[in-house]
Amino acid sequence: MDAGEQGLTMIAVPPGTVTLSDRRTRRSWAVDVAGHRLAAHPVTREQYARVTGRPLPGAGTGRLPVESVSWWDAVHFCNTLSEREGRTPAYRVGADGESVDRDVSADGYRLPTEAEWEHACRAGTRGPRYGPLDDIAWHRGNSGERVHEVGGRLPNPWGLHDMLGNVWEWCWDVYDAEVYGPYRVLRGGGWFDEHWSCRASVRRRSHPMFRVDDVGFRVARTAR
């Protein structure tokens, strides 16, 4: 475990293999995941405002997960945070502002791949969740239909909070380029979702410019 200067606690995630699945296509595929570091909880409003210099509108404490942020917002946050800590940014954004490549050799912050996300979420467990849902997640049945401060539910066996529920989390991956174009993967379920959406295997997709009040993100870093 380590903590960056912006108060981001990063958990060491061991290497492993995870099998991803998609209900729409009825396809499954195994992915080898290298060891990496993943934030203990989603980026908070306080952390987001401190890094970007942009105060967020609306009510709520700084410990609430930042939401209504697009995939592109998350990419720019990662690069800005990397630069502030003297790390090499993970993303190279094109001059058009609409294309991006990942520098796999960079030591900066980035979004997890969906394989990294699911491997970290499961934390060595094999079921749909890493514990009883009400103990580990804010979902429609217990959230009062509102977002909650991070870390308020029990963590998974590797010390990661809110992997399920509270806010959906952007991942790096394109969902299905042939069918959905640039749409990116979302994982984890949110505070407004029924219990069946708060499972380790559930995939959702959205346009990278999409913003809504149950979508946030957490950051990763390649192990060095």
Side-chain angles (χ1 to χ4, degrees), residues 1-3 7-22 31 33-45 47-48 63-67 69 71 74 77-78 109-143 147-173 175 184-206 214-221 223:
M1 181 187 302
D2 65 36
L8 285 164
T9 299
M10 303 295 289
I11 303 292
V13 176
T17 300
V18 64
T19 299
L20 306 183
S21 59
D22 184 82
V31 181
V33 176
H36 60 284
R37 294 186 178 273
L38 190 65
H41 56 69
V43 172
T44 65
R45 292 171 60 91
Q47 291 164 340
Y48 190 85
R63 289 282 297 172
L64 291 173
V66 67
E67 33 77 17
V69 285
W71 182 88
F77 174 92
C78 289
Y109 293 90
R110 56 181 177 79
L111 293 173
T113 67
E114 71 166 321
E116 288 174 334
W117 186 96
E118 185 167 332
H119 173 61
C121 177
R122 291 186 178 279
T125 64
R126 295 185 177 275
R129 306 179 182 93
Y130 49 86
L133 184 60
D134 283 342
D135 292 345
I136 64 173
W138 295 112
H139 59 99
R140 193 167 187 171
N142 68 2
S143 70
V147 70
H148 288 258
E149 291 187 4
V150 299
R153 304 279 87 179
L154 295 177
N156 74 7
W158 292 347
L160 297 159
H161 289 267
D162 301 308
M163 292 298 291
L164 298 177
N166 219 9
V167 290
W168 288 88
E169 299 179 15
W170 288 111
C171 292
W172 163 251
D173 307 64
Y175 182 85
R184 299 282 171 163
V185 171
L186 289 160
R187 287 303 203 107
W191 56 264
F192 194 67
D193 284 277
E194 300 288 357
H195 60 91
W196 57 76
S197 287
C198 298
R199 304 194 319 274
S201 63
V202 169
R203 310 172 77 221
R204 180 173 142 187
R205 62 191 176 273
S206 196
D214 67 348
V215 169
F217 68 100
R218 78 177 70 211
V219 296
R221 218 171 57 220

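Model, not experiment: these values are computed from the prediction. By convention here, the first residue in the shown sequence is residue 1.
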dist Arg45:CZ -> Glu67:CD (nearest 0.5 Å) comes out at 6.5 Å
Would you say the side-chain atoms of Arg187 pair up with the backbone N or O of Glu118, donor to acceptor, closer than 3.5 Å?
no
Side chains of Arg203 and Tyr175, heavy atoms from C-beta outward: is any pair under 4.5 Å? yes
Under 3.5 Å donor-acceptor, Asp193 side chain and Gly165 backbone | no
Taking every heavy atom of Ser206 against every heavy atom of Leu186, the minimum-distance pair comes out as CB-CD1, 3.8 Å
Rounding to 0.5 Å, atoms CG (Leu38) and SG (Cys121) come to a distance of 10.0 Å
CZ of Arg153 to CG of Leu164, rounded to nearest 0.5 Å, is 13.0 Å
Looking only at heavy atoms, the pair that brings Pro157 and Ala123 closest together is CD-CB, 3.7 Å
Whether the side chain of Trp117 engages the backbone of Gly188 through a donor-acceptor N/O pair (distance < 3.5 Å, no angle test) should be reported.
no
Under 3.5 Å, side chain of Trp71 to main-chain N/O of Cys171, donor-acceptor pair present? yes
Q.
Determine whether His119 and Thr17 satisfy the following criterion, side-chain contact (heavy atoms from CB on, under 4.5 Å), listing intermediate values before the conclusion.
A. CA-CA 7 Å; His119 173 61; Thr17 300; over 6 Å; no
Note to self: Could you check whether any side-chain heavy atom of Arg122 comes within less than 4.5 Å of a side-chain heavy atom of Ser201, counting everything from C-beta outward?
What the structure shows: yes
On a heavy-atom basis, the closest approach of Val167 and Gly216 is CB-N, 3.8 Å
Q.
Would the distance check show the side chain of Arg63 and the main-chain N or O of Glu149 forming a donor-acceptor pair, the cut-off being under 3.5 Å?
A. no
So CH2 of Trp168 and CG of Asp214: to nearest 0.5 Å the spacing works out to 8.0 Å
All heavy atoms of Asp162 vs all of Tyr130, minimum pair found to be N-OH, 4.2 Å
(Q) Could you check whether any side-chain heavy atom of Thr125 comes within less than 4.5 Å of a side-chain heavy atom of Asn156, counting everything from C-beta outward? (A) no
- Task: Go through the steps to decide whether His36 and Arg221 satisfy the test side-chain contact (heavy atoms from CB on, under 4.5 Å), and finish with yes or no.
- Result: CA-CA 6 Å; His36 60 284; Arg221 218 171 57 220; over 6 Å; no
Value for CG (Asp173) from CZ (Arg184), rounded to nearest 0.5 Å, stands at 8.0 Å
Minimal heavy-atom distance between Pro42 and His161, with the atoms involved, is CD-O, 4.1 Å
> Is any side-chain heavy atom of Asn166 closer than 4.5 Å to a side-chain heavy atom of His41?
Replying inline: no
* Trp170 side chain near Val215 side chain, heavy-atom distance below 4.5 Å -> yes
Heavy-atom closest pair (Arg37 atom, Met10 atom, distance to 0.1 Å) is O-CE, 3.7 Å
d(Asn142 CG, Leu133 CG) to nearest 0.5 Å is 7.0 Å
